[in-house]
There are 2 protein chains.
Amino acid sequence: MNYSSPYKAPTLTVDAVIFQLIGEQLHVLLTKRSDEPFKGDWALPGGYCAEGSTTLEALAMVTKRKVGLDLDNDLNYLEQLYTFDTVARDPRGHAVSVTYVGCGRAIELVQATQEVAWHPVDTLPNLAYDHESIIHYARERLAAKLTYTNAAKGLLEKKFTLSQLQSTYEAVMGRLLDKRNFRKKFLSLGLIHETPDMWREGAHRPAKLYAFNNDNLEALSRSFD
Amino acid sequence: MNYSSPYKAPTLTVDAVIFQLIGEQLHVLLTKRSDEPFKGDWALPGGYCAEGSTTLEALAMVTKRKVGLDLDNDLNYLEQLYTFDTVARDPRGHAVSVTYVGCGRAIELVQATQEVAWHPVDTLPNLAYDHESIIHYARERLAAKLTYTNAAKGLLEKKFTLSQLQSTYEAVMGRLLDKRNFRKKFLSLGLIHETPDMWREGAHRPAKLYAFNNDNLEALSRSFD
DNA sequence: GCAAAAGTGTTTGGGATACACCCATGC
DNA sequence: GCATGGGTGTATCCCAAACACTTTTGC
């Protein structure tokens, strides 16, 4: 160790990529920066992590205060994504950001102190810092998770139709899936079960409602459609 | 942001889980701690990351000095693993560690300033901090990588026999594989090609030597034996 | 009756699995 | 000639992929 010069740590920050579905499109939660740098640009919700707080604790505090998001109650899934640490990513000085990816459904943001909005991930505005690449990375991670876990429950209501489930997969993966194969495959996995309830809406046949068997994140072996 | 109280960042550290094969066993590089805390225990090579260095740059400096490992030249593969940040993991105070996992072959450590040794991952000594769980996590990551990338080249010589390749997979995954299926599968993937050379050793038939087609990390779609 | 989404089966090809014997060499 | 590890083929099963029509409802 280098005992000779006084040690100074980089600034430690946390940022969250929070996804939810609006309609059939995947959206990500952004806030508008009210200060320099990148004043007026959209950015991921995030902030500082001070000594004594874990990154997750810091993130919970910061999202609560700034964007009115309650990590524990509003999200169905949250995990650490990656740590971004290039020296130049923040023009004010070296800041290392530990990022998280999570998702929820019908999230209501209360008492945000910053301007916030949900943006479709396929048409993002100009973003501050390296946040655009962080979002792309997060979306890839989520898409990968869908293929080998029951993470889709994080984006859906408790009960859902198979069509809604399929369109969730399509929204995250960004491509269309075959209806018959999807249903056959998913039912054979044994992750979900029928409920007695039906979904009635519009001038067409009602749909059976299903629910996930397990509330926790469950890992399978591999592969999807 | 909280402008009112002076911000103090946690200490930022970096740690590396470096694997290589010795014989047919997977080994991990450890150093013996010469100071408190955990004096006398084995630990992952690591150290501080100061403002102005990326975690990777800091790791390169620290491994070079302490254990004589040259990240750029001694390793065939290195990637960020996870960031560990529980407040209690270091008894001296809050230290957040960005960890990396990598591997190489026949690594020669030169001019280490600390006591270093390669330990079989299946029989680890008592480890400092949370390093035992970090190693387990790293091994799982590496095993996963083997199933969908050509990461095995990181652990092998440039030229290798199919038996050596198979025993590499077995060492990392911790289970035995079927010889005929393994060879059939691997050759059909098109990741490797025959060389004109043969491996001669001992009182038995010589083996063809193969090499990977691509020097870079290459991702496949899925699944393995 | 018509528009709109729900629901349903079969065929085909390829990869995963399981399994046992001959080959080339050094001594 | 024997011990040692290298090298090879086939049968089976399951899963992925491709593909189109009938059912139920509201209006």
Side-chain angles (χ1 to χ4, degrees), chain A residues 21 23-25 143-144 146-148 156-157 159-171 173 175-211 219-225, chain B residues 21 23-25 143-144 146-150 156-157 159-171 173 175-211 219-225:
Chain A
L21 289 171
E24 303 198 336
Q25 277 200 304
L146 287 196
T147 69
Y148 67 93
L156 288 160
E157 301 293 329
K159 296 180 179 182
F160 49 87
T161 70
L162 289 181
S163 295
Q164 289 164 352
L165 181 62
Q166 181 175 344
S167 87
T168 299
Y169 271 80
E170 291 174 338
M173 309 222 272
R175 65 196 172 90
L176 299 178
L177 304 174
D178 178 86
K179 181 157 68 157
R180 280 173 292 186
N181 290 337
F182 181 85
R183 293 157 105 94
K184 200 188 328 161
K185 175 74 187 290
F186 217 99
L187 291 172
S188 78
L189 288 178
L191 291 179
I192 59 174
H193 58 89
E194 268 187 54
T195 71
D197 305 323
M198 302 290 279
W199 173 272
R200 291 166 191 284
E201 183 207 46
H204 55 83
R205 180 170 175 175
K208 288 182 191 166
L209 283 166
Y210 291 79
L220 307 176
S221 38
R222 291 279 153 186
S223 166
F224 223 93
D225 199 323
Chain B
L21 289 171
E24 302 199 337
Q25 278 201 305
L146 287 195
T147 69
Y148 67 93
T149 69
N150 60 354
L156 288 160
E157 300 293 329
K159 297 181 178 180
F160 49 86
T161 69
L162 288 181
S163 294
Q164 289 164 352
L165 181 62
Q166 180 175 343
S167 87
T168 299
Y169 272 79
E170 291 174 338
M173 309 223 271
R175 65 193 174 92
L176 298 178
L177 304 174
D178 179 86
K179 181 158 68 158
R180 279 174 293 187
N181 291 337
F182 180 85
R183 292 158 107 94
K184 200 188 327 160
K185 175 74 187 290
F186 217 100
L187 290 171
S188 79
L189 289 178
L191 291 178
I192 58 174
H193 59 88
E194 269 186 52
T195 72
D197 305 323
M198 302 290 279
W199 172 271
R200 291 166 190 282
E201 182 207 46
H204 55 83
R205 181 171 173 173
K208 286 183 193 167
L209 283 166
Y210 290 79
L220 308 175
S221 36
R222 290 279 153 187
S223 169
F224 221 93
D225 198 320

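Computation of the quantities below employed the complete heavy-atom set of this structure, encompassing side-chain atoms and omitting hydrogens, waters and symmetry-equivalent molecules. Lettering follows sequence order; numbering is per chain, from 1.
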Please set out all donor-acceptor pairs under 3.5 angstrom arising from side-chain atoms of residues 201-209 of chain B, sequence neighbours excluded.
| from | atom 1 | to | atom 2 | distance (Å) |
| --- | --- | --- | --- | --- |
| B:H204 | NE2 | B:E201 | O | 2.7 |

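- Computed from coordinates, the A:F186 CZ to D:dA16 C1' distance equals 16 Å when rounded to whole Å.
- B:Y169 places a side-chain N or O within donor-acceptor distance of the main-chain N or O of B:L146, the cut-off being under 3.5 Å.
- Atom CZ in A:R183 sits roughly 18 Å away from atom P in D:dC21 (whole-Å rounding).
- We find that CD of A:Q166 is positioned 12 Å from P of C:dG7, with the value rounded to whole Å.
- Rounded to an integer number of Å, the gap from A:L187 CG to C:dG9 P is 12 Å.
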Check: Base, backbone or nothing for each nucleotide of nucleotides 19-27 of chain C, written B, S, -, heavy atoms under 4.0 angstrom, 5' to 3'?
Finding: BB--BBBB-
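- Between A:S163 and C:dA6, a side-chain N or O to OP1/OP2 separation shorter than 4.0 Å is present.
- When the side-chain nitrogen and oxygen atoms of B:K185 are compared with OP1 and OP2 of C:dA16, one or more of them lie within a distance under 4.0 Å.
- With a 4.5 Å cut-off on side-chain heavy atoms, A:I192 and A:L162 count as touching.
- B:K159 is linked by a salt bridge (charged side-chain N to carboxylate O under 4.0 Å, His left out) to B:D197, counting only residues two or more places apart in sequence or in another chain.
- Residues forming a side chain to side chain donor-acceptor pair (under 3.5 Å) with B:E170 (at least two apart in sequence, or on another chain): B:Q166.
- Applying the side chain to side chain donor-acceptor pair (under 3.5 Å) rule to B:K184 yields the partners B:N181; only residues at least two apart in sequence or on another chain are considered.
- Rounded to whole Å, the distance from CE on A:M198 to C1' on D:dT23 is 12 Å.
- Atom C1' of nucleotide C:dT8 and atom CG of A:L162 are separated by 12 Å, given to the nearest angstrom.
- Atom-to-atom, CH2 of A:W199 to P of D:dG26 comes out at 15 Å; the value is rounded to the nearest Å.
- Straight-line distance from the CD atom of B:Q164 to the C1' atom of D:dG7: 15 Å, rounded to whole Å.
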